[in-house]
Amino acid sequence: MKDSMDRVTKAYLDAFRQEQSIEHMKESDAFELFADYCVISDSYDDEFNVTDVHTGGGDDLGIDGIGIIINGTLVDSVDDVEGLLKINGSLEVTFCFVQAKTSSGFSGEQIMTFFDGVDEFFAESATLPMNDAVSDARNVMQKVYDNSLRFRRAKPQCRLSYVTTGQWTSDEYLEKKTAKRVALLKATGLFSEVSFAPMGADELHESYLRSKNSVTTEFSFSNKVLLPDIVGVSESYLGVISAVEFIKILSDPSGNIRKSLFNDNVRDFQEYNSVNADIQRTLRDEAAKGRFVVLNNGVTIVARELSTTRDKVAISDYQIVNGCQTSHVLFEQQEYLTDQVQVPLKIVATQDEEVVNSIITATNRQTQVTNEDLYALGTFAKKLEGFLSSYGGDQRLYYERRSKQYNSVSGIKKVRIITKSQQIRSFAAMFLDEPHRAISYYADLQTQVGTRIFNDGHKLEPYYVSAYSHFKLEFLFRSGAVPVKYKPARYHLLMALRYIAGGGDMPTLHANKIESYCNKVCEVLWDNSRAAEAFLQAANLVDQVLNGSPFALDVVKTRTFTDSLKQALGVPSRPHSQQP
């Protein structure tokens, strides 16, 4: 089938290639990444590294991309699953599979091959060869089903998307064949829902444009009053909203809860503790559900943009800063919601970050929340965002405090956007000498926010250096200057880079001297040839430690591997309690 790409698709693809720094990549390979990004962005609001979900290549089971979203987090390792279980105690899972073709038609044979690959992926005993990316995703899948007793509301969802550059014309024959395969997948008993989406050029364009925009929702909010003028606030409303209408605020296009709406909330959903269980009982009691509005403290939303047309309200780039527990219980109890259930709602529209932080602090003072929780959520992140963006030209980075914060800003390369997860992992690897924790124990690292990480007394330079190192290494992977086979040890390469470029005598993270130490590392990182040379030197040391053994995540994620690499770097061993 002849490849064909219309001008609009090509323009979007070219823009995507620039954003992702993959201009050198062959068009067909870049299109696979483009399709992966668009499809998974429809189910995942936060920024992500598209190369981490790409599986296309030899032995790929006919699958070009796999995204596994667990509890609102895009997961790529078994250890991430264990960490989420430790934090949340339960699992809510969506599997996304992508097959992309630059051809302009929808081949029934290729679509069936795609289904065959997904069948094999979920087979109890797979027999076909699969590459490392597919194998790693399959290991995550097996870990998920090993913990099937911990599924929160239902079994996982399974979504298949077949992407081409043509137009889907609702071919009756193909629709029946795909419906049959969807039914067979559902009959395995592994899923609560299975869907197949044929995506032509129009659907792909719409998906890409959605990925560029902040989350926007329109809903009916008739029972509201406009609050008086408030300094720093453009508009604010107080009122009650139907619970059925409120669900629109929480839901993504696929009908799942938008976990990214709670990034500014101090605590994640606490499952059905005593308070949440009481809310659940109220919603299920026909006689009591009408009293919900006077029994519940309600929800506070902060939006960067707000517009009203009579009873309709549209909000963009918004966060639920208080009411996380209420929101989750309402979402999970949708079948019991009627217009009897009214939710107290406060909406504040502001661009002033000081106002946002004060609202978060004030609304969360009503619960048992520590200063440390609130500080890590607001002040340090704001300082870090400003510091990273204070650099100019090729040295600039963008710290993403809010979901899709920079998506609508033109000219920003995606690889220069640093998420909270990337910042914490890279900092722990480089400046705490814990690359093994960055790989496998992110949940443990999160508990150190406010103490060993994002500490008020820390200088900001180490955070910039670790973030820039993460960016530069990804850039070198994509350009081919550093072989991608070293990706499983990426955080060890970051640690080694610091020792190679800065030396082993590192000042404390509070000391003024850490600034000059970081500048020395930056001199290497800011020079592409010197950075590549240093990372390759680090890669050679990783090879030396492996001593011919194959690259295996189970090996590099251990403290023993970290200690061996430090020994190869000539770093004197110290008790772990004395590590930086």
Side-chain angles (χ1 to χ4, degrees), residues 41 44-47 71-73 210-211 213-219 221 224 227 230 232-239 241 245-253 256-270 297-307 313-331 343-367 369 373-382 384-385 398-409 417 419-421 446 449:
S41 289
Y44 184 69
D45 284 335
D46 290 334
E47 195 54 61
N71 298 358
T73 299
R210 280 195 299 271
S211 78
N213 297 324
S214 300
V215 174
T216 300
T217 300
E218 184 179 78
F219 52 93
F221 190 20
K224 65 182 183 296
L227 296 178
I230 303 170
V233 174
S234 57
E235 223 174 335
S236 57
Y237 293 90
L238 182 64
I241 184 174
E245 199 71 13
F246 179 67
I247 296 299
K248 294 180 182 178
I249 298 174
L250 304 178
S251 304
D252 68 16
N256 293 309
I257 193 167
R258 290 187 184 274
K259 294 293 290 185
S260 63
L261 296 181
F262 306 97
N263 288 347
D264 282 352
N265 209 281
V266 172
R267 286 183 176 159
D268 196 2
F269 182 45
Q270 301 296 300
N297 289 330
V299 176
T300 301
I301 294 175
V302 173
R304 269 66 187 182
E305 295 180 15
L306 181 151
S307 63
V313 173
I315 52 176
S316 297
D317 193 4
Y318 61 95
Q319 284 280 301
I320 292 176
V321 299
N322 190 50
C324 174
Q325 309 305 313
T326 296
S327 298
H328 278 81
V329 177
L330 285 169
F331 189 85
V343 183
L345 179 64
K346 183 193 300 177
I347 302 178
V348 180
T350 180
Q351 298 281 345
D352 190 323
E353 294 298 334
E354 291 297 334
V355 173
V356 174
N357 289 338
S358 65
I359 292 172
I360 293 171
T361 302
T363 54
N364 283 286
R365 284 294 182 212
Q366 300 166 22
T367 57
V369 177
D373 287 332
L374 293 166
Y375 180 80
L377 192 66
T379 309
F380 194 94
K382 183 181 177 183
L384 182 59
E385 178 187 20
Y398 302 86
Y399 182 65
E400 186 178 67
R401 292 190 298 115
R402 306 190 311 273
S403 175
K404 294 190 175 182
Q405 182 174 347
Y406 299 105
N407 279 29
S408 59
V409 182
I417 297 174
T419 66
K420 179 183 176 183
S421 170
Q446 286 179 295
V449 167

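Note that the structure is a prediction, hence the values are computed from the model and not measured. FYI, the numbering just counts along the sequence from 1.
- Looking at heavy atoms from C-beta onward, Val313 lies in side-chain contact with Lys224 at the 4.5 angstrom threshold.
- When the ring pair (Phe, Tyr, Trp, His ring centres under 6.0 Å) test is applied to Tyr398, the partners found at least two apart in sequence or on another chain are Tyr406.
- The shortest distance between side-chain heavy atoms of Arg304 and Val302 falls below 4.5 Å.
- When all heavy atoms are compared, the tightest approach of Lys346 to Leu238 is CB-CD1, 4.1 Å.
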- Please lay out, stage by stage, how Val299 and Ile320 fare under the test side-chain contact (heavy atoms from CB on, under 4.5 Å). CA-CA 7 Å; Val299 176; Ile320 292 176; 3.7 Å; yes

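- Using the six-membered ring where Trp is involved, Tyr237 and Phe221 have ring planes that are perpendicular, over 60° apart on the 30 and 60° scheme.
- Using a 4.5 Å cut-off on side-chain heavy atoms (C-beta onward), Ser236 and Ile230 make contact.
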- Task: Tell me, with the steps shown, if Tyr318 and Thr216 meet side-chain hydrogen bond (donor to acceptor under 3.5 Å, both in side chains).
- Result: CA-CA 8 Å; Tyr318 61 95; Thr216 300; over 6 Å; no

- Query: Can you check side-chain contact (heavy atoms from CB on, under 4.5 Å) on Ile301 and Gln319, steps first, answer last?
  - Reply: CA-CA 6 Å; Ile301 294 175; Gln319 284 280 301; over 6 Å; no

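- Inter-residue side-chain proximity for Tyr44 and Ser260 is flagged as unmet; no heavy-atom pair is nearer than 4.5 Å.
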- Message: One pair to check against side-chain contact (heavy atoms from CB on, under 4.5 Å): Leu250 and Phe262. What are the steps and the verdict?
- Response: CA-CA 10 Å; Leu250 304 178; Phe262 306 97; 4.2 Å; yes

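- Counting heavy atoms from C-beta outward, Asp46 and Thr419 have side chains that stay 4.5 Å or more apart.
- Counting all heavy atoms, side chain and backbone alike, Ile417 lies closest to Glu400 at CG2-CB, 3.9 Å.
- Between Glu305 and Gln351 there is a side-chain heavy-atom pair separated by less than 4.5 Å.
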